[in-house]
Amino acid sequence: MTTRIGETELAGPVLVAAGCGGSGPELAPFADLSTLGGFVTRSITLDPRPGGPTPRLVESPAGLIAATGLPNPGADQFLATELPWLLQRRVRVFASIAGTTFAEYAQLARRLTESPGLTGIEVNLSAPDAAALGLVDTQDPFQAAGLVAACRRELPRGLLLLVKLRPDPGHVVEAARTAADAGADAVVLGNAVPAAMPDGRPAGLGGPAIGPIALRCVADVHAALPDLPLIGCGGISTPDDARAFLAAGATAVQVGTALLHDPTTAARIAANLGGC
Amino acid sequence: MVTPVSETRGPVHITGEVLSARRVGGYRHLTLAAPGLPERFRPGNFVAVSVGETRLSRRAFWIHRARPTGGYGATVDLVVAETGFGGRWLATRTQGAPVELTGPLGRPFALPKEPVSCVLVGEGYAAATLFPLAERLRERGCVVTMLLAAPDESHLLSALDARRTARSVLVVTEDGSVGRSGAVRDVIGDVLTRAAAEVVYAAGPARTLHDVAAAAELHGAWSQTALERPLTCATGLCHGCPVPVLGEHGAARLARACYDGPVFRGDRVRWADLAAWDSGHSEAAG
Ligand SMILES: Cc1cc2nc3c(=O)[nH]c(=O)nc-3n(C[C@H](O)[C@H](O)[C@H](O)COP(=O)(O)O)c2cc1C
């Protein structure tokens, strides 16, 4: 079963969600990454970030609350070490990007695609703790449109531009339309749900607890924009979860938190859907 | 020192089964059928256990013993303290219960190339990881001294078992219910000197590991500390278990306890920073 987004063919409809697959080698013992639809990296920033204070993840019923602080090696180190490892293994790689300014997003899109290798870029417009991380505030559609358009301009022809949105049913249709008009090939619905750590720090909630919210986003956006490719993300842990998202109009799905509980989840869902 | 590369292709994720569960003092000892794990095992490895459908964080347990073959096939033994939700969950599994586990995980203890004198220091249930290490070291001709510590006798792992592999075994308990009364820090310097230790291995609370690392440095020995941190994924994916360390060239950086550890060189961990985080005095982990 192959999956198509725009002109690009993927090995299947199951991708690894941003920040939940390590840098690749950690997940490799549990899944043949080249047989998945793709691997989305943790959000890469221009400069390295060490990550935030502990605790970074806390359990909540059927969920995990996370405030990791975007630990990542920065663009140059990612290009030098992490990307080649994935490419050598024929993995379809989408680099998630996050920045503190418009210019940083555009610069990241350019820098990461200067040399061939990536299948696409996933613009993270939806970090649940964006303000605490100092990221650009993209709640305002006008800002979001400018940012997506700026990234589109930097992308070589043929590379996919994914835009990851907040799983906010009240605003998600408008946000998806804005992203599509600004040049997104597909939107990812959605990120972790804005939440708080027990000590009050801003964080995001992922896992089965948020599945129905992400599903609602997919259903609403698909109803309003039936031609826009959608990638469901939020709470997907079983083949049946994935089927529900595909039935609601998603072209593909991403598996996040479930991998932290069982690292074979993405491979198992992919194998199961393969037989549809 | 050489870190053994796990030639048998990394960890596996399986549904194991409880073969036996018995109480030993203050802990539960579990034997689990675990196909595929023992042949990949190195001392210092651990397993991650799923403790129910709605609890998403994994719980880590040191592998106390791994048998590739035997009456029950491939098995691993774990020593379980009944603390926290995960400990209580696993401790209450009875014979025949399925248990989802991933392992063996983590960077194992590095072994000396030469047959040198080694001191192994274990406190509470964490000492479990040192028993298979003692066997490996003895196979290599090392002289093994074990120092077992616990708050009291019921939380002390078997000194009798330790004597099967170790040349000498010393015991300290905080309440003096068995062995010498006191803590690791009270005796470690003396133990290292008497054993003329060249390598020191330690497992237990961070405070004890820090004491052992400091004593090793003073004594001029290498130290390898098996660090226990709260884990989420336990497989290196989530970056939820940062440990402040010094990198190759002395630069401060963060390592992952589950994937870059749990075994770290004692002189590479920034123990004071770790203690400060745990007492809540940190603003940023950097
Ligand atoms: C530990 C962790 C790190 C994450 N890092 C990122 C990230 O860097 N960029 C991003 O866009 N989303 C990140 N996410 C969000 C996930 O990709 C996913 O969108 C979200 O958790 C909802 O899906 P899930 O319920 O399957 O986890 C992270 C989630 C977790 C749990």
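Every chain is numbered from 1, with letters handed out A, B, ... down the list of sequences. The basis for the numbers below is simple: all heavy atoms, side chains too, and nothing from hydrogens, waters or symmetry mates.
- Of the N and O atoms on the side chains of B/Y72 and B/E17, not one donor lies less than 3.5 Å from an acceptor on the other residue.
- With a 4.5 Å cut-off on side-chain heavy atoms, B/L78 and B/F46 do not count as touching.
- Interface check for chain B: of the options A/P263, A/S60, A/P61, the most heavy-atom pairs under 4.5 Å are formed by A/P263.
- Residues A/H261 and B/S50 are in side-chain contact: their nearest non-hydrogen atoms beyond the backbone lie under 4.5 Å apart.
- For the residue pair A/D241/A/T238, the side-chain donor-acceptor check at 3.5 Å is satisfied.
- Under a 4.0 Å N-O distance rule, the pair B/R55/A/E59 qualifies as a salt bridge.
- The aromatic rings of B/F109 and B/Y201 sit perpendicular to each other, their planes meeting at more than 60°, with 30° as the lower class boundary.
- Near-neighbour residues of residues 127-135 of chain A relative to chain B, defined by a heavy atom under 4.5 Å from a heavy atom of that chain, are none.
- Applying a 4.5 Å heavy-atom cutoff, none of the residues of residues 75-88 of chain A approach chain B.
- A/S237 contributes no side-chain N or O that, together with a main-chain N or O of A/P208, makes up a donor-acceptor pair within less than 3.5 Å.
- Using a 4.5 Å heavy-atom threshold, the side chains of B/L30 and B/V79 count as separate.
- Side-chain contact check for A/N272 and A/R243: at least one donor-acceptor pair (N or O, by modelled atom type) lies under 3.5 Å.
- Defined by atom type and a distance below 3.5 Å, a donor-acceptor pair is present between the side-chain atoms of B/T102 and B/R58.
- Side-chain contact check for A/I97 versus A/N124: every heavy-atom pair is 4.5 Å or farther apart.
- Here B/H239 is the residue among B/H239, B/R256, B/E100 with the most heavy-atom pairs under 4.5 Å with chain A.
- Ranked by heavy-atom pairs shorter than 4.5 Å toward chain A, the options B/C238, B/G52, B/A48, B/G240 are led by B/C238.
- With a 4.5 Å cut-off on side-chain heavy atoms, A/I269 and A/I236 count as touching.
- A/P55 does not touch chain B: none of its heavy atoms, backbone or side chain, sits under 4.5 Å away.
- Considering only heavy atoms from C-beta on, B/T235 stays 4.5 Å or farther from B/P11 through its side chain.
- Contacts between A/D199 and chain B at a heavy-atom distance below 4.5 Å are absent for every atom of the residue.
- Atom-to-atom distance recorded for B/L101:CG and A/D262:CG is 11.0 Å, nearest 0.5 angstrom.
- At least one donor-acceptor pair under 3.5 Å links the side chain of B/R107 to the backbone N or O of B/D260.
- Annotation: ring-ring contact (aromatic ring centres under 6.0 Å, His included) contacts of B/H13 (sequence neighbours excluded): none.
- Interface residues of residues 30-48 of chain A toward chain B, defined by a heavy-atom distance below 4.5 Å and sorted by number: A/F30, A/R42.
- With a 4.5 angstrom heavy-atom cutoff, B/R59 touches chain A only via side-chain atoms.
- Between chain B and the residues A/L259, A/L64, A/T68, A/V58, the most heavy-atom pairs under 4.5 angstrom are made by A/L64.
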